[in-house]
Participant: 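Below you will find the structure I want to go over with you.
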Amino acid sequence: MSLTYEPSVQDFLSRGPLGSFVGGENRALESSAIFPTVDPGSGELLANVKEASPAEVEDAVAVARHVFERGKWSGLAPNQRAVHLHRLADLVEARKSTLAEIESLDVGKPLSQAEWDIGNFCQTLRYYANLSVHVQYRNPIAVAQHEARTVHFPRGVCAFIFPWNFPLLLVGWGIAPALAAGNTVVIKPAEETPLSTLYLVQIAEEAGMPAGVINVIPGSGEVTGAALSRHPGLARMSFTGSPEVGRLVARECGLNLVPVKLELGGKGAAVVFADTDVDATAEALVSAITLNAGQVCCTASRWVVDDRIYDQFVSSAIARMKQVRIGYGQDPATQMGPVVSPKQRDRILGYLDKAKQQGGESLLAGGRASVPEKNGYYVKPALLAGDASNVACREEIFGPVAFVLRFRDEEEAIRLVNQSPYGLANSVWSRDLERANRVAEKMVAGNSWINAHNVFVHGVPYAGVNLSGLGGGVLGPNTFFDYMRDLSVVRPLQG
Ligand code: NAD
């Protein structure tokens with residue numbers, strides 16, 4: 001296994017310290033604080049990054065506003081913007097191997113999964129570029145005695161705060177509709193994983209995007225994220241992350257009456273009926289809980305299994321969890337990489353302890369894993385069982401840990417699923433499609449999937465309810481209009 005980076009990756013990493021990229025140039029101040037970004041697979045430094053201070057946040061929003069107001073982007077026709085977005089997608093595709101390696105190194109995820117993320121980013125750009133040239137921006141309204149219409153306009157400077165689990169993919173889900181609608185954007189990536197976003201903004205101009213349309217301000221949540229959240233000059237804020245921080249961001253935005261969109265955590269369930277193919281379902285759910293080392297907001301971390309197949313399902317799942325190949329993200333044999341940080345590893349190990357203290361049964365112990373010659377943050381998959389009130393069944397762990405529950409009839413299964421205060425995504429597994437569809441509609445969440453888990457389709461809205469989010473979600477056609485303001489124009493007709 002070669003551990004040398006691709007020359008283009010090496011070149012990017014050695015440009016450091018990286019920092020705010022605003023108005024088409026590196027605008028980090030000499031005096032900015034420096035924080036390291038680390039390869040979680042080896043614990044080694046990848047690059048130093050300068051944290052955007054509140055003054056730099058101010059500068060970024062001012063530049064984004066200036067560019068918006070001069071109309072260099074907002075004033076283009078939708079098809080002109082769409083050409084730019086397709087060109088950006090073309091260039092990202094051409095640089096896919098560089099971006100995928102950067103993403104894999106920064107998050108720890110297997111290279112093949114990082115490649116999938118970059119491909120998804122391009123699809124998102126293309127989906128909203130195409131949508132933007134087909135929607136109506138002026139809609140006449142048929143009402144008596146008035147001539148009336150609504151008109152959609154871009155809003156202005158849209159701010160985005162992202163988590164570390166799918167850095168570039170989530171940037172795409174967030175900014176693509178905002179850009180296609182004619183807004184300028186300011187992005188704060190997670191402090192653990194700023195690299196792919198910083199690379200993206202550096203190549204955006206090469207792709208022909210006007211300078212200052214996409215701006216990136218790396219830094220911590222407490223400094224950079226907080227300064228962005230409380231900025232009164234934002235036209236919109238979109239936050240993706242935990243409910244705890246989502247509340248803080250929403251509160252700050254509320255004080256300025258800045259509209260906010262929140263995409264938050266989850267505690268998804270999979271309901272497995274006895275008539276399903278048990279081994280195939282176990283295989284699919286083990287893949288889901290080990291994808292990205294379990295650090296997936298919508299993954300199925302509660303497996304709600306028909307009592308009649310419970311034992312068969314559990315032994316099939318355990319056998320598969322034991323076979324998952326844990327390793328370094330750049331090793332092609334790796335199925336599951338490390339978790340993102342020592343903090344995240346300790347959080348997962350802490351939940352395993354707390355679950356046991358509360359009487360949970362450890363069906364597969366999990367715990368730390370080691371990978372030869374790599375001093376990274378590796379954990380093994382774990383399977384827990386016990387009462388639904390157990391902390392590991394209630395709270396989002398964000399690691400490769402599933403909690404299995406039994407049910408005896410459909411009502412009990414639905415009751416167990418809906419006990420959660422979260423509401424992001426659940427799945428139902430059954431050959432009886434009538435029942436699967438019935439159960440899918442009774443589970444309270446933004447998304448119900450049938451005989452699959454983690455299904456993301458451009459054009460199908462993906463959103464959370466309750467503790468999992470508010471404000472309309474992502475990926476749907478309506479998301480595009482979230483980034484536009486509406487104006488009604490009305491003229492009373494005489495006589
Ligand atoms: P987090 O909430 O800790 O951090 C998210 C972002 O908020 C980071 O950029 C962080 O720097 C920033 N932040 C922290 N404190 C802040 C503050 N006071 N003001 C402004 N910004 C602040 O979340 P995380 O640990 O990075 O990510 C994991 C969480 O994200 C999980 O709960 C996961 O379910 C959720 N998530 C949700 C979705 C979705 O689409 N619903 C997608 C991915 C992740």
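For ligands, and for the atoms within them, numbers begin at 1 and follow the listed sequence. Every value quoted in this text rests on a predicted model; they were computed, and no experiment measured them. Every heavy atom of this structure was used, including side-chain atoms; hydrogens, water molecules and symmetry mates were not.
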Participant: Considering all heavy atoms of both residues, which atom of A82 and which atom of A129 are nearest to each other, and what is their separation?
Facilitator: CB-O, 3.5 Å
Participant: Got a sec: does the CZ of R368 have more than 12 other heavy atoms crowding it under 6.0 Å?
Facilitator: no
Participant: Does anything in residues 159-197 form a ring-ring contact (aromatic ring centres under 6.0 Å, His included)? List the pairs, not counting sequence neighbours.
Facilitator: F160-F162, F160-Y483, W164-F398, W173-F456, W173-Y462
Participant: Could you give the distance from CZ (R251) to OG (S229), rounded to the nearest 0.5 Å?
Facilitator: 10.5 Å
Participant: Could you check T290 against Q335 for side chain to side chain donor-acceptor pair (under 3.5 Å), going step by step and ending with a plain yes or no?
Facilitator: CA-CA 8 Å; T290 54; Q335 290 175 315; over 6 Å; no
Participant: Any non-hydrogen atom of G464 lying under 4.0 Å from ligand 1?
Facilitator: no
Participant: If you have a sec, work out which protein heavy atom is nearest atom 27 (O) of ligand 1 and how many Å separate them, to one decimal?
Facilitator: P163 CB, 3.3 Å
Participant: State the atoms of ligand 1, each with its element, that fall below the 4.0 Å cut-off from a heavy-atom position in F162.
Facilitator: 6 (C), 8 (C), 9 (O)
Participant: Who's closest to atom 7 (O) of ligand 1 heavy-atom-wise, of F239, Y422, F398?
Facilitator: F239
Participant: Starting from atom 24 (P) of ligand 1, which protein heavy atom do you reach first, and at what distance in Å?
Facilitator: W164 NE1, 3.4 Å
Participant: Should you measure from each heavy atom of V249, which atoms of ligand 1 turn up under 4.0 Å away?
Facilitator: 20 (C)
Participant: I'd like to check which ligand 1 atoms, numbered from 1 as shown, lie under 4.0 Å from a non-hydrogen atom of S242.
Facilitator: 1 (P), 2 (O), 3 (O), 23 (O), 29 (C), 30 (O), 32 (O)
Participant: Check whether any heavy atom of Y462 sits under 4.0 Å from an atom of ligand 1.
Facilitator: yes
Participant: Count the heavy atoms belonging to other residues, nucleotides or ligands that lie under 6.0 Å from CZ of R247, then report whether that count exceeds 12.
Facilitator: no
Participant: Which pairs, with at least one residue in residues 34-48 and sequence neighbours excluded, count as a side-chain hydrogen bond (donor to acceptor under 3.5 Å, both in side chains)?
Facilitator: T37-D106, D39-S42, D39-Y328
Participant: Any idea which protein heavy atom is nearest atom 34 (O) of ligand 1, and the distance to it?
Facilitator: E396 OE2, 2.6 Å
Participant: Among all the protein's non-hydrogen atoms, which is closest to atom 11 (O) of ligand 1, and how far away is it?
Facilitator: E191 OE1, 2.5 Å
Participant: Taking R126 first and then E93, would you say they form a salt bridge - that is, a charged N and a carboxylate O separated by under 4.0 Å?
Facilitator: yes
Participant: In terms of residue, atom name and distance, what is the protein heavy atom nearest to atom 5 (C) of ligand 1?
Facilitator: T240 O, 3.8 Å
Participant: Would G469 count as a contact of ligand 1 if the rule is a heavy atom under 4.0 Å away?
Facilitator: no
Participant: Could you say whether the N/O atoms of K188 and ligand 1 ever approach to under 3.5 Å?
Facilitator: yes
Participant: So, applying side chain to side chain contact (heavy atoms under 4.5 Å, CB included) with W303, which one of V271, V272, T281, L383 is it?
Facilitator: L383
Participant: Which residue owns the protein heavy atom closest to atom 16 (C) of ligand 1, what's the atom, and how far is it?
Facilitator: V245 CG1, 3.4 Å
Participant: Considering only NZ, NE, NH1 and NH2 on the basic side and carboxylate oxygens on the acidic side, decide whether K109 and D117 come within less than 4.0 Å.
Facilitator: yes
Participant: So is F166 touching ligand 1 or not, going by heavy atoms under 4.0 Å?
Facilitator: no
Participant: Run the contact test for L170 against ligand 1 with a 4.0 Å cut-off on heavy atoms, strictly below, and give the result.
Facilitator: yes
Participant: Do me a favour and list the nearest non-hydrogen protein atom to atom 18 (N) of ligand 1 with residue, atom name and distance?
Facilitator: L248 CD1, 3.7 Å
Participant: Give the residue, atom name and distance (to 0.1 Å) of the protein heavy atom nearest atom 38 (C) of ligand 1.
Facilitator: C297 SG, 3.1 Å
Participant: What atoms in ligand 1 come closer than 4.0 Å to a heavy atom of N165?
Facilitator: 43 (C), 44 (C)
Participant: Is it true that, when you exclude R320 itself, more than 12 heavy atoms of the residues, nucleotides or ligands shown sit nearer than 6.0 Å to its CZ?
Facilitator: yes
Participant: Work out which heavy atom in Q202 is nearest to a heavy atom in L18; give both atom names and the distance.
Facilitator: NE2-CD2, 4.0 Å
